[in-house]
Amino acid sequence: MDSQDIHRSLYSPTLLTDVNRLFEEQIRDWETVARRFRELEQVKSRTVAYPHCTLLLTHNPCRIDSSTAKVDSLSIQERPCFLCPSNRSAEQQSISWNNYNILINPFPIFRRHFTIVDKHHQAQRLSPERIGDMLVFARNLPEYTIFYNGPGCGASAPDHFHFQAGNRGYMPIEKETKSNMEVISESSQLKISCQSDELRKTVIAESDSLPLLVQAIASICQLVGEVVPRQPEPMFNLLTLFAENRWKTYLFPRRTHRPSQFFETGEKRIVFSPGAVDFGGVVILPVEKDFNRLDGETLRDLFAQLTFQEDEFSTLKKLIKNFRLC
């Protein structure tokens with residue numbers, strides 16, 4: 001079966017309509033969440049521009065619980081899983097699709113924001129099968145970008161597997177054209193590029209073949225773990241979207257979860273706990289004083305603590321070249 005046949009076999013002509021209908025119904029029937037989505041219209045934002053990238057800083061108070069979530073094993077064991085059906089709000093409805101339930105996200109970043117939750121309580125681990133699921137969701141929800149936060153890279157529920165989806169085009173990285181992009185490997189069906197800007201290191205994989213892209217992403221994730229080993233899985237965030245009959249994915253290799261300023265006290269503390277959306281260029285700041293005071297140099301420092309260092313990224317690029325993904 002070629003890639004186009006695979007596309008057709010996985011395509012659901014109704015899922016996008018069903019998801020958008022779920023959003024409208026939840027906004028109509030769940031007042032608490034409807035209010036939070038309305039409040040997004042008043043979220044303060046400002047832009048910080050660099051020569052090769054742009055950040056959109058947002059003051060979003062409703063994200064405070066996610067940004068400060070305790071994700072150590074003891075804390076997780078002591079709290080109920082808020083993604084399991086028995087612990088969700090009574091008002092929260094879902095769409096069942098294959099092994100997942102699609103839910104409106106009650107603490108939104110995007111004007112349309114969903115959480116895609118495994119029906120069973122399983123840990124946040126991105127296997128090749130999960131990568132395939134992620135790409136299938138991107139194929140079926142072309143108005144949305146699908147993203148994954150690793151268990152040590154922004155996932156506030158690392159004990160229950162989930163993706164998220166937000167309306168496409170909101171994150172600056174989706175619109176940026178990079179003059180400093182380096183093509184690492186390319187064939188007729190798969191292109192792997194790397195780029196390094198003022199804030200982060202990124203690996204971009206593009207393909208119209210689902211099997212090839214699954215294999216490429218899984219291999220790159222493995223190579224990230226060879227450069228900076230971490231358990232239970234290598235540290236990275238992943239975005240994927242489907243446009244013009246092909247997938248485009250952004251993988252952000254990470255070296256740590258939170259910057260040192262997160263653990264300070266008093267005026268020195270900055271509540272910045274980034275995931276895929278922050279690396280995509282939308283910085284979530286639940287504390288207003290952080291939103292008001294962060295400047296370009298401080299943001300450089302925050303991201304520099306989290307992303308791969310230059311030597312680590314150089315090693316990763318060499319490994320990708322030698323792995324012959326194309």
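We're numbering straight along the sequence, starting at 1. Model, not experiment: these values are computed from the prediction.
Nearest heavy-atom pair, Ala216 versus Leu190, reported as atom, atom and distance to 0.1 Å: CB-CD2, 3.9 Å. The minimum heavy-atom distance linking Leu16 with Pro142 is given by the pair CD2-CD, 4.1 Å. Residues Val287 and His59 approach most closely at C-CD2, 3.8 Å, considering heavy atoms. Contact between Pro234 and Cys221 at its shortest, heavy atoms only, is CG-O, 3.4 Å. In this structure, His257 and Gly154 approach most closely via the heavy-atom pair NE2-N, 3.5 Å. Of all non-hydrogen atoms in Ser207 and Ser209, the two that sit nearest each other are OG-N, 2.9 Å.
With hydrophobic clusters built from ILVMFWY side chains whose heavy atoms lie under 4.5 angstrom apart, Phe82 does not share a cluster with Ile104. The hydrophobic clustering, which links ILVMFWY residues whose side-chain heavy atoms are closer than 4.5 Å, places Phe107 and Ile284 apart. No path of Ile, Leu, Val, Met, Phe, Trp and Tyr side chains, each step under 4.5 Å between heavy atoms, connects Leu103 with Ile116, placing them in separate hydrophobic clusters. Criterion: ILVMFWY side-chain heavy atoms under 4.5 Å apart, direct or through other members. Under it, Met235 and Phe252 are not part of a common hydrophobic cluster.
The side chain to side chain contact (heavy atoms under 4.5 Å, CB included) check on Thr315 picks up Val227, Leu319, with sequence neighbours excluded. Residues forming a side chain to side chain donor-acceptor pair (under 3.5 Å) with Arg79 (at least two apart in sequence, or on another chain): Asp159. Residues satisfying the side chain to side chain contact (heavy atoms under 4.5 Å, CB included) criterion with Ser188, sequence neighbours excluded, are absent altogether.
Residue-environment remark: NZ (Lys318) stays at or below the threshold of 12 foreign heavy atoms within 6.0 Å. More than 12 heavy atoms of other residues, nucleotides or ligands lie within 6.0 Å of CD in Gln42, so this atom counts as buried by the packing criterion. More than 12 heavy atoms of other residues, nucleotides or ligands lie within 6.0 Å of NZ in Lys175, so this atom counts as buried by the packing criterion. Counted within 6.0 Å of CG on Asp301, heavy atoms from surrounding residues, nucleotides or ligands total more than 12; the atom is thus considered enclosed.
Results of the side chain to side chain contact (heavy atoms under 4.5 Å, CB included) test with Gln26 over Arg21, Gln93, Glu91 single out Gln93 as the only residue that passes.
A salt bridge between Lys248 and Glu174 is absent, with no side-chain N of the basic residue lying under 4.0 Å from a carboxylate O of the acidic one. Arg293 has no carboxylate O lying under 4.0 Å from a charged side-chain N of Glu288, or vice versa, which leaves the two without a salt bridge. Remark: Arg254 does not engage Glu312 in a salt bridge, criterion side-chain N to carboxylate O under 4.0 Å. A salt bridge is absent between Arg35 and Glu31; no separation between the charged side-chain nitrogens and carboxylate oxygens falls under 4.0 Å. Here Arg300 does not pair with Glu198 in a salt bridge; the nearest charged N to carboxylate O distance is not below 4.0 Å. A salt bridge links Arg200 with Glu176; the closest basic N to acidic carboxylate O contact falls under 4.0 Å. Using a 4.0 Å cut-off between charged nitrogen and carboxylate oxygen, Glu41 and Arg111 count as a salt-bridge pair. Using a cutoff of 4.0 Å between basic side-chain nitrogens and carboxylate oxygens, Arg130 and Asp118 are scored as salt-bridged.
When only modelled atom types and interatomic distance are considered, Gln189 and Ser187 share no side-chain donor-acceptor pair under 3.5 Å. Between the side chains of Asp295 and Thr298, at least one donor N or O sits under 3.5 Å from an acceptor N or O. Judged purely by distance below 3.5 Å, without hydrogens or angles, the side chains of Ser12 and Asn140 never pair a donor atom with an acceptor atom. Side-chain N/O atoms of Asp133 and Tyr100 include a donor and acceptor closer than 3.5 Å.
Using a 4.5 Å cut-off on side-chain heavy atoms (C-beta onward), Thr249 and Leu239 make no contact. Looking only at side-chain heavy atoms (C-beta outward), Leu223 and Ile320 come within less than 4.5 Å of each other. Gln305 places a side-chain heavy atom less than 4.5 Å from the side chain of Ser260. Contact check for Glu182 versus Ser193: no side-chain heavy atoms found under the 4.5 Å cut-off. Residues Tyr170 and Asn167 are in side-chain contact: their nearest non-hydrogen atoms beyond the backbone lie under 4.5 Å apart. Between Val117 and Leu83, the closest side-chain pair of non-hydrogen atoms falls below 4.5 Å. Using a 4.5 Å heavy-atom cutoff, the side chains of Pro172 and Leu55 are not in contact. With a 4.5 Å cut-off on side-chain heavy atoms, Arg125 and Glu233 count as touching.
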Practice item. Any chance you could lay out the side-chain contact (heavy atoms from CB on, under 4.5 Å) test for Leu210 and Leu212, step after step, and finish with the verdict? Key: CA-CA 6 Å; Leu210 187 145; Leu212 281 178; over 6 Å; no

Exercise for review: Please test Lys201 against Glu310 for salt bridge (charged side-chain N to carboxylate O under 4.0 Å, His left out), starting from the C-alpha separation and ending with a verdict.
Suggested key: CA-CA 8 Å; Lys201 310 297 187 293; Glu310 288 292 346; 3.7 Å; yes

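The main-chain N or O of Ala205 is never found under 3.5 Å from a side-chain atom of Tyr250 such that the two would form a donor-acceptor pair. Not a single donor-acceptor pair under 3.5 Å links the side chain of Thr145 to the backbone N or O of Thr240. Looking only at distances, no side-chain donor or acceptor of Ser96 sits under 3.5 Å from a matching main-chain atom of Asn101. Formation of a donor-acceptor pair under 3.5 Å by the Asn60 side chain with backbone atoms of Pro108 is found in this model. Using modelled atom types, no side-chain atom of Asn87 and backbone atom of Pro80 make a donor-acceptor pair closer than 3.5 Å. Side-chain atoms of Lys191 do not come within 3.5 Å of backbone N or O of Ile204 as any donor-acceptor pair. The closest donor-acceptor contact from the side chain of Asp290 to the backbone of Leu285 lies at 3.5 Å or more, if one exists at all. Of the possible donor and acceptor atoms, one in the side chain of Gln124 sits under 3.5 Å from a partner among the backbone N and O of His162. Asn149 places a side-chain N or O within donor-acceptor distance of the main-chain N or O of Ala276, the cut-off being under 3.5 Å. Of the possible donor and acceptor atoms, one in the side chain of Ser219 sits under 3.5 Å from a partner among the backbone N and O of Gln215.
Aromatic ring centres of Phe279 and Phe303 lie closer together than 6.0 Å. For Phe23 and Phe37, the ring centers are positioned less than 6.0 Å apart. Checked against a 6.0 Å centroid threshold, the rings of Phe114 and Phe163 do not count as neighbours.
Using bins of under 30°, 30° to 60° and over 60° for the plane-to-plane angle, the ring pair Phe242/Trp247 lands in the perpendicular bin. Using cut-offs of 30° and 60° on the angle between ring planes, the pair Phe110 and His113 is perpendicular.
Geometric assessment of Arg269 against the ring of Phe263 yields a negative cation-pi assignment under the 6.0 Å and 45° thresholds. Cation-pi geometry between Arg258 and Phe262 is met: the NZ or CZ atom falls under 6.0 Å from the ring centre, inside 45° of the normal.
Distance check: Asn322 CG to Ser185 OG gives 10.5 Å after rounding to the nearest 0.5 Å. Put simply, OG on Ser196 and CD on Gln309 are 11.5 Å apart, with the number rounded to the nearest 0.5 Å. Atom CD1 of Ile220 and atom CD1 of Ile184 lie 10.0 Å apart (nearest 0.5 Å).
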